[in-house]
Amino acid sequence: MPRLIVWCLRAALLNLGAGFSLGAIMLATPVLHLPGDMLRFRLLHAELLLIGWMVQLALGVAYWILPRFRVGFNRGRSAPVWIAMLLLNGGVYAAGIGQAVGMLAMAWAGRVGEGLAALIFATHLWLRVGHAGRGEVRSP
């Protein structure tokens with residue numbers, strides 16, 4: 001399995017663990033007598049689980065399973081996908097933390113990063129899927 005796929009799946013699992021941990025802390029706030037404003041992190045919690053885990057996992061699996069080229073690099077150049085992965089993860093944390101602390105500029109920057117990641121990844125996969133109709137890819 002290519003290294004990029006492994007790192008996508010690891011990042012997805014790290015986001016899952018961070019999201020579940022944050023959710024557990026928020027649930028335990030009244031019992032542990034933590035500050036009452038811990039609930040402001042619910043948007044970060046949702047961001048970690050919905051985008052950081054689910055989207056990251058979907059991108060990793062899509063990169064792995066979609067058609068591969070017959071010649072050259074198996075799955076095309078991996079640099080754009082690395083950039084997309086880094087933008088997605090940076091965007092998740094920037095958007096989530098920005099919303100939690102009330103920094104709207106940081107939250108918007110995170111959303112822009114997530115959008116750019118989706119655009120870069122979609123462009124990369126569009127080239128692979130587009131070649132599938134011309135017989136230039138091989139089945140997995």
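The figures that follow rest on heavy atoms only: side chains count, while hydrogens, waters and symmetry mates do not.
In the hydrophobic cluster analysis, where Ile, Leu, Val, Met, Phe, Trp and Tyr join through side-chain heavy atoms closer than 4.5 angstrom, L116 is grouped apart from L4. Under the 4.5 Å side-chain heavy-atom criterion for Ile, Leu, Val, Met, Phe, Trp and Tyr, L27 and F41 are members of distinct hydrophobic clusters. Using a 4.5 Å cut-off between side-chain heavy atoms of Ile, Leu, Val, Met, Phe, Trp and Tyr, with links allowed through other members, V61 and L14 fall into different hydrophobic clusters. Linking Ile, Leu, Val, Met, Phe, Trp and Tyr residues whenever their side-chain heavy atoms come within less than 4.5 Å leaves W7 and I120 in two separate clusters. Under the 4.5 Å side-chain heavy-atom criterion for grouping Ile, Leu, Val, Met, Phe, Trp and Tyr, V92 is connected to L9 within one hydrophobic cluster.
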Could you tabulate the donor-acceptor pairs under 3.5 Å formed by side-chain atoms of residues 82-89, not counting sequence neighbours?
residue, atom, partner, partner atom, Å
N89, OD1, N15, ND2, 3.1
N89, ND2, Q56, OE1, 3.2
N89, ND2, M85, O, 2.9

Distance-only donor-acceptor pairs under 3.5 Å for side chains of residues 104-113, two or more places apart:
residue, atom, partner, partner atom, Å
R111, NH1, E47, OE1, 3.1
R111, NH1, E47, OE2, 2.7
R111, NH1, E114, OE1, 3.0
R111, NH2, E47, OE1, 3.0

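With sequence neighbours left out, the side-chain contact (heavy atoms from CB on, under 4.5 Å) criterion links I25 to L34, M38. Take R10 and apply the salt bridge (charged side-chain N to carboxylate O under 4.0 Å, His left out) test, not counting sequence neighbours, and it matches no residue. Contacts of L43 classified as side-chain contact (heavy atoms from CB on, under 4.5 Å), with partners at least two apart in sequence or in another chain: Q99. In this view, L49 and L16, F20, H45 satisfy the side-chain contact (heavy atoms from CB on, under 4.5 Å) rule, not counting sequence neighbours.
One distance of note links CG of L57 with CG of L59; it measures 9.0 Å at 0.5 Å rounding. Atom CD1 in I97 sits 10.0 Å away from atom CE in M103 (nearest 0.5 Å). With rounding to the nearest 0.5 Å, the separation of CG in D37 from CZ in R40 is 4.5 Å.
Scanning all heavy atoms of the two residues, the minimum distance from W53 to L13 falls at CD1-N, 4.5 Å. Considering every non-hydrogen atom in both L125 and A62, the closest pair reads CD1-CB, 4.0 Å. Of all non-hydrogen atoms in L119 and T123, the two that sit nearest each other are O-OG1, 2.8 Å.
Looking at L50 and V55, their side chains never come closer than 4.5 Å, going by heavy atoms from C-beta outward.
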